[in-house]
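Keep in mind that what you see is a predicted model, and the values were worked out from it rather than measured. We number each residue from 1, following the sequence as shown.
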Amino acid sequence: MNNEIIKQKLTEKFGDQVTEWEEQFGLLTFRTPAENNLKVMQFLYDDDTLRFRFLTDLTAIHYPERKGEELCVVYHLHNLEDNIRLRFKVYVPIEKPDVYTISQRFSAANWMERETYDFFGINFIGHPNLIRILNVDEMDYFPMRKEYEMEDPSRRDKDNEMFGR
């Protein structure tokens, strides 16, 4: 099994619903619409050739410059039998960051989705207990979004002259 076979099988099954194919450092990456994440995940899991049955990681990325698709959920899957890894992404608007949960298929996704919700505000539809797990409940923002300046520009102790810049 190799990346070409994976790409071929996904293209045969989903056609133009899987796009933006990349292969960095041998890791095949593609994109699918958010409403298809469960279908693609199920196909990758059930197919007798593909057998992607281990969820390595689930996280998100904030792209503030991409209007209408500011948030990206990233899944890393592993086929343990053939030792092949795969990454796929789904993009959602920041106004409606809804993605279907995969916690019924992968039990480890339960905590990963809660952490992603906690830091990025992704609403995993159908999640059994989508609450904050690392930040305090009173927070009314999501700290990993790039919505705030890195440093307070009014602080004098952070002046570039003091750091030789």
- [ ] Kindly indicate, with the supporting measurements, whether the criterion side chain to side chain contact (heavy atoms under 4.5 Å, CB included) is fulfilled by Arg53 and Leu80.
- [x] CA-CA 8 Å; Arg53 298 185 178 139; Leu80 294 169; over 6 Å; no

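- At a threshold of 4.5 Å between side-chain heavy atoms, the hydrophobic network of Ile, Leu, Val, Met, Phe, Trp and Tyr places Leu27 and Phe30 in two separate groups.
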- [ ] Determine, stepwise, if the pair Thr59 / Met112 fulfils side chain to side chain contact (heavy atoms under 4.5 Å, CB included).
- [x] CA-CA 7 Å; Thr59 189; Met112 292 183 208; over 6 Å; no

Task: Steps toward side-chain hydrogen bond (donor to acceptor under 3.5 Å, both in side chains) verdict (Glu4, Gln8) - done: CA-CA 6 Å; Glu4 284 303 314; Gln8 177 186 357; over 6 Å; no

- [ ] I would like to know whether Leu10 and Trp21 meet side chain to side chain contact (heavy atoms under 4.5 Å, CB included); could you show each step before the answer?
- [x] CA-CA 11 Å; Leu10 284 167; Trp21 297 95; 3.8 Å; yes

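- Across Asn3 and Gly26, no two heavy atoms sit closer than the pair ND2-O, 3.0 Å.
- Tracing side-chain contacts under 4.5 Å through hydrophobic residues (I, L, V, M, F, W, Y), one reaches Met41 starting from Val18; they form part of the same cluster.
- For Thr32 (side chain) and Gln17 (main-chain N/O), a donor-acceptor pair under 3.5 Å exists by modelled atom type.
- Phe25 belongs to no hydrophobic cluster, as no Ile, Leu, Val, Met, Phe, Trp or Tyr side chain comes under 4.5 Å of its own.
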- [ ] Output, in order, the C-alpha distance, side-chain angles, deciding distance and verdict of side chain to side chain contact (heavy atoms under 4.5 Å, CB included) for Tyr117 and His127.
- [x] CA-CA 11 Å; Tyr117 162 74; His127 191 281; over 6 Å; no

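- Within a 6.0 Å sphere centred on OH of Tyr100, heavy atoms belonging to other residues, nucleotides or ligands number 12 at most.
- The list of ring-ring contact (aromatic ring centres under 6.0 Å, His included) pairs with a residue in residues 54-83, not counting sequence neighbours, reads Tyr75-Phe88.
- One hydrophobic cluster, built from ILVMFWY side chains closer than 4.5 Å, cannot hold both Val74 and Leu44; they sit in different ones.
- At least one donor-acceptor pair under 3.5 Å links the side chain of Arg145 to the backbone N or O of Phe120.
- Counting heavy atoms from C-beta outward, Val73 and Asn37 have side chains that stay 4.5 Å or more apart.
- Screening Lys96, Lys89, Arg31 against Glu69 for a salt bridge (charged side-chain N to carboxylate O under 4.0 Å, His left out) leaves a single residue, Arg31.
- Atom CG of residue Leu77 and atom CD1 of residue Ile6 lie 10.0 Å apart, to the nearest 0.5 angstrom.
- Judged purely by atom type and a 3.5 angstrom limit, Glu115 has no side-chain atom pairing as donor or acceptor with the backbone of Leu134.
- Under the 4.5 Å side-chain criterion, counting only non-hydrogen atoms from C-beta, Arg51 is in contact with Asp82.
- Looking at Glu70, its side chain does come within 3.5 Å of a backbone N or O of Gly68 through a donor-acceptor pair.
- Smallest separation of non-hydrogen atoms from Gly126 and Gln104: O-NE2, 3.6 Å.
- Ile102 and Leu58 get closest at one heavy-atom pair: CD1-CD1, 3.9 Å.
- Side chain of Asn79 to main chain of Leu50: a donor-acceptor pair is present (N/O by atom type, distance under 3.5 Å, no hydrogens or angles).
- Counting all heavy atoms, side chain and backbone alike, Thr116 lies closest to Ala60 at CG2-CB, 3.6 Å.
- In the hydrophobic clustering of ILVMFWY residues, with side-chain heavy atoms under 4.5 Å counting as a link, Tyr91 and Phe14 come out apart.
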